[in-house]
Amino acid sequence: MSDNKPLVKLENVHKSYGDNHVLRGISLAVNPGEVVAIIGASGGGKSTLLRCTTLLERFDAGSLAYGDLQVATDKDGTAVYGDKNVLHEAKLRFGLVFQNYNLFPHYTVIKNLIDAPIVVQKRDKDDVEAQARQLLERMGLAGNENKVPCELSGGQQQRVSIARALCMNPDVLFFDEPTSALDPELTQEVLKVIRDLASQHMTMVIVTHEMAFARDVADRIIFIDQGVIVEEGSAEQLINNPQHKRTRAFLSRYEQG
Amino acid sequence: MEFGVMMAMLGRGFVITVELFFLTLLGSLPLGVVIALGRMSKFKPLQLLMQFYISIMRGTPLMLQMFAIYFAPYYVFGINLTPDSKWTATVIAFILNYAAYFAEIYRSGIQSIPRGQYEAADVLGYSSSQTFMRIVLPQVIKRILPAMANEIITLVKDTSLAFAIGVAEMFSTAKALAAREGSMIPFLLAGAFYWLFNMVVEVIMDRVEKRLDYYHD
């Protein structure tokens with residue numbers, strides 16, 4: 001894949017729940033190696049955007065592509081999705097880290113990592129296991145391979161879930177408020193892991209409430225409010241020198257706590 | 001009559017009881033899955049049909065269902081009944097009845113699995129059948145075990161209902177012996193057999209529960 005082609009591309013995406021128009025024409029392209037942070041108030045549409053991009057929800061209008069794979073196309077204002085194979089292929093190109101980790105509680109840590117690569121991607125068991133052990137070590141989790149998730153702290157569980165997503169070798173990794181369920185001290189260990197990934201040029205899209213973290217780690221920050229992208233720019237630019245009134249209002253509310 | 005002879009006769013009845021017990025489980029455990037999935041289907045007619053089925057099976061006596069299934073071939077198709085058809089009808093009635101109860105237990109278990117589990121499986125690319133077999137079902141089994149133990153223990157005792165249709169299981173044998181001997185001893189012995197049987201069931205279910213105790217969520 002050529003380096004200048006976006007790994008994910010959304011165009012003019014609309015999504016409503018009944019009368020509630022949650023996404024009102026969102027376009028977004030994520031380039032290889034880029035780290036994008038999405039910020040905004042609750043109910044502004046950022047989680048819906050992430051859920052639509054990761055195919056957990058379907059949008060009503062607009063288009064979505066993963067690299068050269070066209071997942072949904074806009075036909076006269078209606079999103080037309082590809083068939084089952086296209087959707088399956090798309091799911092292998094991204095990973096998603098949930099707010100509540102959603103690890104499989106009946107599987108050991110290592111099994112959480114290797115099951116999908118073996119069963120879904122039909123990869124060689126020994127290769128996958130070697131990769132999984134390496135990933136766990138990178139996440140500071142060596143020695144926990146045979147524990148079950150309930151034996152781990154929240155921060156450890158979230159790091160396992162990041163490793164689980166990475167074990168699928170995705171092109172891009174999405175995070176849905178990865179630290180919102182964690183204590184402040186556990187938050188830091190998860191943020192550190194994400195920082196490390198950023199420094200290794202993993203392509204990531206992170207929905208977060210951690211402004212300081214977003215500023216540190218993201219190449220680009222997107223502020224979403226009432227279903228539209230109000231403002232986007234480099235981290236410095238958007239957080240230190242917001243142009244839009246709504247961005248300023250949001251950021252000042254944040255600083256006040 | 002000698003005690004030993006009495007025990008031997010009760011023992012033969014017990015074999016029939018155990019047979020009915022296992023045949024019922026063999027048929028109703030998997031059939032319950034099918035009914036539960038139908039009951040939860042997005043296809044409305046199937047969902048309503050399964051709901052109706054469960055309602056009938058739970059809402060009428062098992063004894064009546066046994067008779068209905070026993071006489072149905074004669075009244076509906078004009079087929080002549082043989083002594084064997086009593087046994088067949090009993091087994092079928094037990095399977096159909098217990099499958100309805102199991103289906104509802106399965107459904108409660110399946111619906112208790114958090115959405116996040118399905119979503120995690122979905123983004124990892126698992127198909128829906130892989131998600132069900134690998135992620136959902138193992139967790140469901142752990143959750144429904146106490147309710148299943150309850151139902152299986154009830155089944156042990158319900159096998160005595162086959163007495164009404166004339167299947168020579170343990171309770172029929174005990175009743176015949178009691179009438180002939182003019183003694184309550186056969187009933188007492190039969191009671192002991194049922195109790196022992198259920199103790200074995202309890203021990204087994206307890207072991208399974210302990211084996212699945214390696215995690216909680």
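Remember, it's a predicted structure, so these values are computed and weren't measured experimentally. Proteins come first, then strands; the chains are lettered A, B, ... in the order of their sequence lines, and each starts at number 1.
- Considering only heavy-atom pairs separated by less than 4.5 Å from chain B, the leading option among A:Asp115, A:Leu92, A:Leu87 is A:Asp115.
- Ranked by heavy-atom pairs under 4.5 Å with chain A, the list B:Asp217, B:Ile135, B:Leu212 is led by B:Ile135.
- Ring geometry for A:Phe174 versus A:Tyr66: interplanar angle over 60°, hence perpendicular rather than tilted (30 to 60°).
- Residue-level contacts of residues 123-146 of chain A with chain B do not occur; threshold 4.5 Å between heavy atoms.
- Donor-acceptor pairing under 3.5 Å is recorded for the side chains of A:Tyr17 and A:Glu57.
- A side-chain hydrogen bond (donor to acceptor under 3.5 Å, both in side chains) with B:Tyr98 is found for exactly one of B:Thr154, B:Asp158, B:Thr24, namely B:Asp158.
- Using a 4.5 Å cut-off between heavy atoms, A:His106 contacts chain B through both its backbone and its side chain.
- Looking at A:Asp68 and A:Lys5, no side-chain N of the basic residue comes within less than 4.0 Å of a carboxylate O on the acidic one, giving no salt bridge.
- With contacts defined as side-chain heavy-atom distances shorter than 4.5 Å, the pair B:Arg39/B:Tyr106 does not qualify.
- The shortest side-chain heavy-atom distance between B:Leu81 and B:Phe71 falls under the 4.5 Å cut-off.
- Only the backbone of A:Leu103 comes within less than 4.5 Å of a heavy atom in chain B; its side chain stays farther off.
- For a heavy-atom cut-off of 4.5 Å, chain B lies close to A:Arg51 in residues 45-53 of chain A.
- Figure legend: B:Arg134 and B:Tyr126 shown without cation-pi pairing, the cationic atom not lying both under 6.0 angstrom from the six-membered ring centre and within 45 degrees of its axis.
- Within the 4.5 Å cutoff, the side chain of A:Thr187 has heavy atoms near those of the A:Glu210 side chain.
- When side chains are defined from C-beta on, A:Gln158 counts as touching A:Pro178, because their heavy atoms get closer than 4.5 Å.
- Side-chain contact between A:Ile162 and A:Val190 is present, with at least one heavy-atom pair separated by less than 4.5 Å.
- Interface remark: A:Phe104 contributes backbone and side-chain atoms alike to the contact with chain B (heavy atom separation under 4.5 Å).
- Side-chain contact check for B:Gln65 and B:Asn97: at least one donor-acceptor pair (N or O, by modelled atom type) lies under 3.5 Å.
- Within the 4.5 angstrom heavy-atom criterion, no atom of B:Tyr118 approaches chain A.
- Contact annotation for B:Gln130: only side-chain heavy atoms (C-beta onward) come within less than 4.5 Å of a heavy atom of chain A.
- Using modelled atom types and a 3.5 Å distance limit, the side chains of B:Ser172 and B:Glu169 yield a donor-acceptor pair.
- Between B:Phe197 and B:Phe14, the ring planes lie perpendicular to each other; the angle is over 60°, past the 30° to 60° tilted range.
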